[in-house]
Amino acid sequence: MNHSIKRGVSLYSYQEEFFLKKMSLEDCIAATAATGATGIEIVGEQSIPGCPNIPSDKFVVQWFEWMDKYNVTPVAHDMFLDYNKKKGHYYTDEEAVESFKKDIRFAHKLGFKIIRVIVNTTPQIMEKVIPYAEDHDIKLGIEVHAPWHINSPWMTRHWEVMEKTGTKHFGFIPDMGGFTKRLAMVQVNRLIRQGADPEIAKFVCEQHEKGVMAEYTIYEVSRMSDRRIDMAVAELSRHNTFANPISLKEHMDRIVHVHGKFYDMTEDFIEPSIPYEDVINVLKDGGYNGYICSEYEGNRHIQDIQEVDSVLQVKRHQQMLVNYGVK
Amino acid sequence: MNHSIKRGVSLYSYQEEFFLKKMSLEDCIAATAATGATGIEIVGEQSIPGCPNIPSDKFVVQWFEWMDKYNVTPVAHDMFLDYNKKKGHYYTDEEAVESFKKDIRFAHKLGFKIIRVIVNTTPQIMEKVIPYAEDHDIKLGIEVHAPWHINSPWMTRHWEVMEKTGTKHFGFIPDMGGFTKRLAMVQVNRLIRQGADPEIAKFVCEQHEKGVMAEYTIYEVSRMSDRRIDMAVAELSRHNTFANPISLKEHMDRIVHVHGKFYDMTEDFIEPSIPYEDVINVLKDGGYNGYICSEYEGNRHIQDIQEVDSVLQVKRHQQMLVNYGVK
Amino acid sequence: MFEKYMIVEDNLKNVVDEGKVSGFQFGARLPYYRGVSLSMLEEIEVSVDGKVLPQDKVHLIVRDNTYNLKQREEELDDRWEMGEVVNLFIEKEEGLPKGKHQLGLKVNIRIGYLPFPAIRNAQKEITIE
Amino acid sequence: MFEKYMIVEDNLKNVVDEGKVSGFQFGARLPYYRGVSLSMLEEIEVSVDGKVLPQDKVHLIVRDNTYNLKQREEELDDRWEMGEVVNLFIEKEEGLPKGKHQLGLKVNIRIGYLPFPAIRNAQKEITIE
Ligand SMILES: [Mn+2]
Ligand SMILES: [Mn+2]
């Protein structure tokens, strides 16, 4: 199968430096381009004040100048749907659709071709908003984020909408964190710093790698300890799930984008928790020709004890993708 | 794809009557034959005293006479692996393999072609026992039982053994209970009889059918009630899982057998909890040509308030299979 | 599962041994859909009128053999088969007084595929003639 | 996440209004990887030396606008952006005494995709000159 998987970076990866204003939006775009990646993904509400309000014309001009200058292209905007934005009120479907349409117009204005749909968006809202997305030629992808897997009940309901409408503008965005074969040590170590028992943590990691069902591990740990911090370690196994990467095959034509989630790259360009090579091979074999966008999420686990270097992390992640055949 | 799915019955389905000695082993075989099914599955340790010790020659002769008389064929024997059979001792791999081999010899003696491998069997034990199964030309199928799904971490480890060995004698046995779209009312009603709040039960059933992740439902119920019986209803959503039936497609060549789990058939030959038609269509499309064996498991949920009629339940289930194109 | 069938009153009686009442017995079925080796019986607890009787006084009579607690723990071959009515004999001076009693039976089975013990309870009002 | 960056001491001072100290203020960042509308701020709780100050005395100054508790609840458009340092002004007669204090900030954000509130806490030893 011919594949032409492309490399991008979600600027979410630079959240530490962006938060502290050590890096500007342009700096993030420049850092992305420096890795050789060509795709830009943003969490709009992070990167652009006022999102999803349409930014100023001045900003829009600047945005496309940056795209030209750095030889990158807008790929995906990650939207949110805060049904409970107004205290005591839950969005009606109409309000939710209106909110979503704002994100579609925002994405469209900035040249994004894909929107990451947040997991709590309901299938009935998707059905109502698809025509608007089609009109703007923007593909909507529901993010398949751990602990969901692509055949989970909730994902199946979305799949039923895809089947029912036959649209080409609604699909899946698997997040690589859904293939967590081994728990991320930065996450485990943070809990140990917060007081978790290292022996219990070791046990949980072993059980997770053996593929033991999280329920069992949680039960065993509840018999080893009555401390909440130890239960939190056990719960890591429940939330950082793994599924056989071949589960993507049957859905390949509907995979519109991929989140390259990672927690901590080694110097040898490996993400120890996630079998990237296996997943990339499945994507290649299936003829996937969209982007994999680096999505560094390790900063929150190390920021208490060290300076975060997201630029280096993303560089290494991008090199890993290249090593596995993503040009 | 040509399919020739065949109908069988697991005598486990008649457990109520067999337990109370209202039906003998022969009665169970006769009841199966009366439905037009041709396959016999047994839980050896239920149906045949002394299992997995080889039964007497007299019994073996009788067994094959029954197979002839009723025009049925032995299909599968369901084994168990009680690692902790001896108090304070956990089987070594060697002991586990020896135990498993007994089941293989037992199955072979009685003409079974398939063994249902209980879920707690480890992948390393599978690897050690496969050659023995090959020598006896018996296919081993790891049962994919809710809450596992065919791409779960544990199932993936078994899949890795299948890939590694390339054997034709190890595959999967999906249990239809892993496609529980709606919670079984007989299960829910039993908990209500035990004191669960019917309003909470209704909420849990709605959330389950909507595909809401069980974690969320359990959390919501924990805020509605501090009673353990209400939490037990919420936990039903966690243990009676659903997965998109198309998840079977990629593994179709390795599906050696199917457990037709069901809880309560309607007079119109429907099992309300499980979308049988969808799963059967996936099996048909994939060219599956093994058995689906009825596996009635409703008795335990109604035995406290009514007389159980497993024979009628199985008859209806078999008619449903016929209605969905399984001859 | 099968809790309502666990206690089999038909076999209920005080047991006379050399002219003296040595205890009482009743029939019991294993509350499980398959038979198990006796070694898997983690616990068989009998109570009468709310009082739990000592484990070491409880004997399991399976077909022609009798097993006390220690013997059950070590018995890997003999089995309490599915649906099989065995007898439980409980040593008790003078047995049970005539009349009605609340008989309780708790069986705890150590099952390979369950991370926790399978505990099943039955209560029955019985009458000693 | 970002707890260690929540309290921004640089902006810490007692506030003088018409010659009197009306309260104190300090800088704060939202402990979240995206900005939110002010209506999503379920709670902003400030404590000094272990004592929680009343919610209705806490004012959020976002760029040119000031919002009290009620105003925050109803503000769907204005946002506390990601990484943005806003000021929290707490009405308090005489402000904070000179010297060291333990300042606590708890932010509770109502997030659409979480079934439970996102509560983040920060503590910092600060000095009033
Ligand atoms: Mn993601
Ligand atoms: Mn089954």
Side-chain angles (χ1 to χ4, degrees), chain A residues 10-25 42-53 78-91 95-96 99 102 117-122 143 145 148 190 295-308, chain D residues 1-10 27-44 55 62-65 67-86 107-118 120-124:
Chain A
S10 173
L11 305 192
Y12 173 92
S13 302
Y14 304 117
Q15 58 182 267
E16 183 83 3
E17 292 86 346
F18 190 75
F19 185 89
L20 294 171
K21 306 211 183 289
K22 292 181 178 178
M23 284 173 74
S24 66
L25 182 55
I42 63 168
V43 170
E45 288 186 66
Q46 173 185 112
S47 304
I48 300 173
C51 168
N53 289 329
D78 296 9
M79 62 66 99
F80 292 85
L81 197 48
D82 295 297
Y83 289 96
N84 49 6
K85 191 168 190 164
K86 200 163 154 186
K87 192 174 169 79
H89 175 73
Y90 196 84
Y91 272 175
E95 288 170 319
S99 173
K102 281 184 85 168
V117 180
I118 188 80
V119 71
N120 62 309
T121 309
T122 66
E143 184 173 1
H145 190 294
W148 286 272
R190 177 168 64 97
E295 199 183 41
Y296 175 53
E297 203 174 75
N299 67 315
R300 69 183 68 164
H301 302 302
I302 60 172
Q303 62 191 185
D304 59 321
I305 53 159
Q306 66 181 86
E307 189 116 341
V308 177
Chain D
M1 62 176 84
F2 297 129
E3 284 93 339
K4 72 187 277 195
Y5 310 127
M6 278 167 72
I7 294 173
V8 181
E9 296 172 74
D10 304 353
R29 293 186 187 99
L30 184 74
Y32 193 27
Y33 61 76
R34 63 159 170 147
V36 296
S37 67
L38 302 188
S39 62
M40 287 167 63
L41 300 169
E42 186 76 11
E43 204 181 16
I44 300 176
Q55 287 261 342
V62 182
R63 279 155 267 120
D64 300 328
N65 294 312
Y67 300 88
N68 63 25
L69 177 61
K70 188 102 186 75
Q71 289 163 330
R72 290 198 297 276
E73 277 182 13
E74 289 166 4
E75 186 55 41
L76 301 172
D77 294 316
D78 206 357
R79 299 168 56 80
W80 187 354
E81 297 291 358
M82 196 261 200
E84 180 176 28
V85 179
V86 303
V107 177
N108 177 341
I109 314 166
R110 204 171 60 249
I111 295 173
Y113 57 86
L114 292 179
F116 46 81
R120 301 198 174 122
N121 281 284
Q123 292 276 335
K124 215 164 201 179

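First the proteins, then the strands, lettered A, B, ... as listed; each starts at 1. Values reported hereafter were calculated over all heavy atoms of this structure, with side chains retained and with hydrogens, waters and symmetry mates removed.
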For Q306(A), I'd like to know if atom CD has over 12 heavy atoms of other residues, nucleotides or ligands within 6.0 Å. yes
More than 12 heavy atoms of other residues, nucleotides or ligands under 6.0 Å from NZ of K124(D): is that the case? yes
Below 4.5 Å from any heavy atom of chain A, which atoms of L30(D) appear? Answer side chain, backbone, both or neither. backbone
Under 4.5 Å from any heavy atom of chain A - which part of R110(D): both
Nearest 0.5 Å, please: how far is CD in E81(D) from CZ in F19(A)? 12.0 Å
Distance, nearest 0.5 Å, that separates CD1 of I48(A) from CE of M82(D): 13.0 Å
Heavy-atom contact with chain D under 4.5 Å, split by part of [X]:
| X | value |
| --- | --- |
| Y12(A) | side chain |
| I118(A) | side chain |
| N84(A) | both |
| N299(A) | side chain |

If you count heavy-atom pairs within less than 4.5 Å of chain D, which of V43(A), L81(A), L20(A) leads? L20(A)
Closest-packed option against chain D by number of heavy-atom pairs under 4.5 Å, given H301(A), K21(A), K87(A), R300(A): K87(A)
Distance alone, cut at 3.5 Å: any donor-acceptor contact between the side chains of Y5(D) and E16(A)? yes
How close do Q15(A) and F2(D) get, heavy atom to heavy atom, and via which atoms? OE1-CZ, 3.4 Å
Closest heavy-atom contact between K85(A) and S37(D)? CE-OG, 3.2 Å
If only atom types and distance count, is the side chain of D82(A) paired as donor or acceptor with the main-chain N or O of G112(D) below 3.5 Å? yes
Hey, is the main chain of Q303(A) close enough, under 3.5 Å, to the side chain of K4(D) for a donor-acceptor pair? yes
Counting heavy-atom pairs closer than 4.5 Å to chain A, which one of R29(D), R34(D), E42(D), E3(D) comes out on top? R34(D)
